[in-house]
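Structure, as structure tokens:
Here the structure is a predicted model, which means the values were calculated and not measured. Numbering of residues begins at 1 and proceeds along the displayed sequence.
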Amino acid sequence: MRAWFLVAALTAACVDAAKKSSKSGMADLLDLTDDTLEAALAKHPIMLISITVPNCDICNQVGRRLGSAVAELRVQAKNAVALGQLRITSNDSPVLAQIVQGQLTLPKLIVFREGEALDYQGDITKESIVSEMLREASRDTVQTFKSVKQAERFLHLDSWSAQHADEEKPPRVVGFFPSNNSAAYGVYRETARKLQGLIAFGECFDVAIQRKFLGKPARKSTIQLVKADKKERKLTYAGPLMVTKLARWVATHSVSLVQDLSTESSIESHMALGVPLFLLLMPDSYEEELGEMMQHLRAVASRVRERLLFGYGFKDTEPWPQFAAQLGIDRSATGAFWMIVGNNMDVTGRNWSMAWLRPPSLGFQIYAMEARGKESAADVTEKKVEKFISNFLKQVDDMTPEEDLSKAVVEEEEEATDEATAAAAQPAAAASAEAVNYDKQLRKRIGELQMNFNSGVANIKKVLDDVQDAPSLLKGKAASLTSIVQNMELKLKKDVLGLKRELMELGRSDKTEL
């Protein structure tokens with residue numbers, strides 16, 4: 001009987017400790033509302049939030065998973081990552097509506113980097129949350145090129161990419177700028193923040209790297225989209241320097257001019273972009289005339305590219321039969337169907353002043369459709385396709401006000417640095433680079449010191465938490481605690497000596513300059 005009571009007491013203690021641990025983790029989460037979200041985004045550059053509503057069991061489960069990851073992320077990410085729950089109490093969240101487009105399905109996790117929303121890509125487990133958020137903390141929103149090799153690797157132009165030609169090589173955006181304090185660079189950076197979930201961005205200010213890729217130093221901003229597409233290897237932006245215009249150009253030009261939508265993934269990726277799609281859904285018999293039809297489609301697509309995507313599929317070949325049913329097309333219907341479709345969005349497409357998020361599901365919304373059952377492949381001509389497209393775009397133009405291009409940045413060329421000026425600037429540049437290096441080293445030393453201290457304290461607290469409900473057991477933990485403190489002392493001594501050495505080195509360099 002005494003043994004049974006002891007087991008019962010231990011079980012109750014474990015349950016109570018688990019509840020305390022769970023509450024402790026949840027307590028460390030940011031509890032956000034519409035009134036506090038914007039302030040939290042301004043305070044925390046990298047943040048993962050879960051959307052929750054009252055009486056949502058699965059939302060509470062996700063909250064507990066987030067809470068379990070807080071302590072580990074605090075140590076490993078050195079407080080660079082915040083986790084929280086956004087509580088929605090009404091049907092419409094005015095603040096969230098300014099950040100996220102479309103309908104939200106629960107559970108929903110969103111990563112925020114520099115105030116912009118990104119899709120959370122991992123699983124909803126402690127391990128995955130920690131791994132994904134450490135990856136977010138370790139990467140830059142825009143990668144700054146410090147060497148030609150780094151730029152080549154980013155743009156898939158290095159030897160590894162050449163040797164692995166079959167590997168998927170996603171498109172990249174790269175901007176070459178005379179400096180990082182221009183309004184044009186501000187537009188580029190803002191666009192990169194909006195589209196960071198869609199495509200990777202790089203930037204270059206180094207004259208030597210600019211000469212390698214442009215043939216000369218950049219006197220004005222040059223923004224290029226680089227793709228693994230033999231027909232469109234490199235495209236240069238020539239439109240107005242506005243976030244909405246540049247963002248839409250990147251999205252529409254990141255895919256092929258006319259895409260063969262023969263796989264479910266290609267269909268989903270095109271629909272997810274947020275741009276209406278002209279879809280030629282045709283019988284298999286059209287395939288013999290595909291080459292000539294492509295010339296007509298490409299001719300029209302090139303003229304309206306920033307407004308429409310172009311694609312085609314064969315309605316009797318998988319996966320199109322199931323999608324044709326969603327579009328309301330009878331399986332026995334003959335001939336081709338010309339249509340313009342979107343993924344549950346406005347006829348004008350997504351709002352490009354907002355962050356890009358992948359739609360929660362693949363859905364077809366038809367804006368225009370013509371059944372051309374009595375026609376053949378020879379009837380798919382440039383003139384007829386142009387007429388169909390023009391009628392649709394005219395309706396769109398009648399519905400939307402013309403964008404004010406006067407807000408676009410007007411850029412003037414900056415003078416290229418001559419050799420004498422460059423030579424005179426070299427010592428100052430070297431001193432600046434050396435100072436930056438010392439700054440990085442000092443921050444690294446301080447980070448190591450902080451991490452080892454936090455880790456030691458966390459280990460001590462863990463031992464104390466284990467005996468919290470049985471203080472009499474603390475005496476038996478003395479050896480374990482002593483070992484933790486000694487190990488902590490050794491690590492901290494090493495870190496302090498390293499920091500002292502860096503400061504002495506910095507002092508010597510300062511005297512040398514004098």
Side-chain angles (χ1 to χ4, degrees), residues 92-104 116-117 173 186-188 190-195 197-199 223 225 235 237-255 257-259 269-280 297 299-311 327 338-370 384-410:
D92 298 313
S93 168
V95 176
L96 195 62
Q98 297 173 15
I99 301 169
V100 179
Q101 296 185 80
Q103 186 176 1
L104 289 175
E116 298 295 345
V173 183
V187 170
Y188 181 78
E190 180 71 9
T191 304
R193 284 200 294 268
K194 302 291 183 187
L195 299 187
L198 171 67
I199 191 169
I223 301 170
L225 178 64
L235 302 172
Y237 181 64
L241 284 171
M242 300 172 61
V243 172
T244 52
K245 290 290 187 181
L246 179 56
R248 191 176 183 112
W249 179 85
V250 169
T252 54
H253 288 69
S254 64
V255 293
L257 184 59
V258 181
Q259 179 67 44
S269 62
H270 266 61
M271 297 292 285
L273 284 175
V275 181
L277 167 71
F278 168 77
L279 174 63
L280 173 59
L297 293 177
V300 180
S302 63
R303 293 195 285 270
V304 296
R305 187 167 194 177
E306 293 181 32
R307 305 191 66 182
L308 285 178
L309 303 176
F310 274 65
L327 292 166
W338 295 15
M339 62 187 77
I340 295 174
V341 296
N343 189 344
N344 300 322
M345 59 189 177
D346 292 337
V347 67
T348 55
R350 71 164 49 246
N351 180 355
W352 293 101
S353 65
M354 297 176 68
W356 184 88
L357 286 178
R358 189 173 294 277
S361 60
L362 175 61
F364 289 96
Q365 185 173 356
I366 300 175
Y367 305 129
M369 184 168 75
E370 289 183 5
K384 289 183 178 180
V385 173
E386 178 87 48
K387 181 179 178 181
F388 178 76
I389 297 297
S390 297
N391 288 338
F392 169 74
L393 292 180
K394 185 178 184 306
Q395 295 176 35
V396 174
D397 290 338
D398 291 341
M399 295 170 55
T400 55
E402 189 173 345
E403 192 166 8
D404 184 7
L405 298 183
S406 65
K407 297 178 181 178
V409 170
V410 178

Measure across [X] and [Y] and return the closest heavy-atom pair with its distance rounded to 0.1 Å.
X	Y	answer
Ala301	Val258	CB-CG2, 4.1 Å
Leu405	Pro240	CD2-CG, 4.1 Å
Leu235	Trp249	O-CH2, 3.8 Å
Phe278	Val385	CZ-CG1, 4.3 Å
Pro276	Arg248	CD-NH2, 4.2 Å
Tyr188	Leu246	CA-CD2, 4.3 Å

Rounded at 0.5 Å granularity, tell me how far [atom1] in [X] sits from [atom2] in [Y].
X	Y	atom1	atom2	value
Asp397	Thr348	CG	OG1	11.0 Å
Glu370	Trp338	CD	CH2	7.0 Å
Ile199	His253	CD1	NE2	12.0 Å
Leu297	Glu386	CG	CD	11.5 Å
Trp352	Met242	CH2	CE	14.5 Å
Thr252	Leu308	OG1	CG	10.0 Å

Partner of Val341 under side chain to side chain contact (heavy atoms under 4.5 Å, CB included), chosen from Met369, Gln365, His270, Met271 =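 Only one option passes, and that is Met271.
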Take Ile340 and Phe388 through the test side-chain contact (heavy atoms from CB on, under 4.5 Å) and record every step on the way to the result.
-> CA-CA 10 Å; Ile340 295 174; Phe388 178 76; 3.9 Å; yes
Do Phe310 and Ile389 pass the side-chain contact (heavy atoms from CB on, under 4.5 Å) test, and can you show the C-alpha distance, the side-chain angles, and the key distance before you say yes or no?
-> CA-CA 11 Å; Phe310 274 65; Ile389 297 297; 4.0 Å; yes
Just by distance, do the side chain of Lys194 and the backbone of Trp356 share a donor-acceptor pair under 3.5 Å?
->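 Looks like no, no N/O pair under 3.5 Å.
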Before giving the answer on side-chain contact (heavy atoms from CB on, under 4.5 Å), spell out for Val173 and Ile223 the whole-Å C-alpha distance, their side-chain angles and the decisive distance to 0.1 Å.
-> CA-CA 7 Å; Val173 183; Ile223 301 170; 4.1 Å; yes
Steps toward side-chain contact (heavy atoms from CB on, under 4.5 Å) verdict (Leu277, Asn343) | CA-CA 9 Å; Leu277 167 71; Asn343 189 344; over 6 Å; no
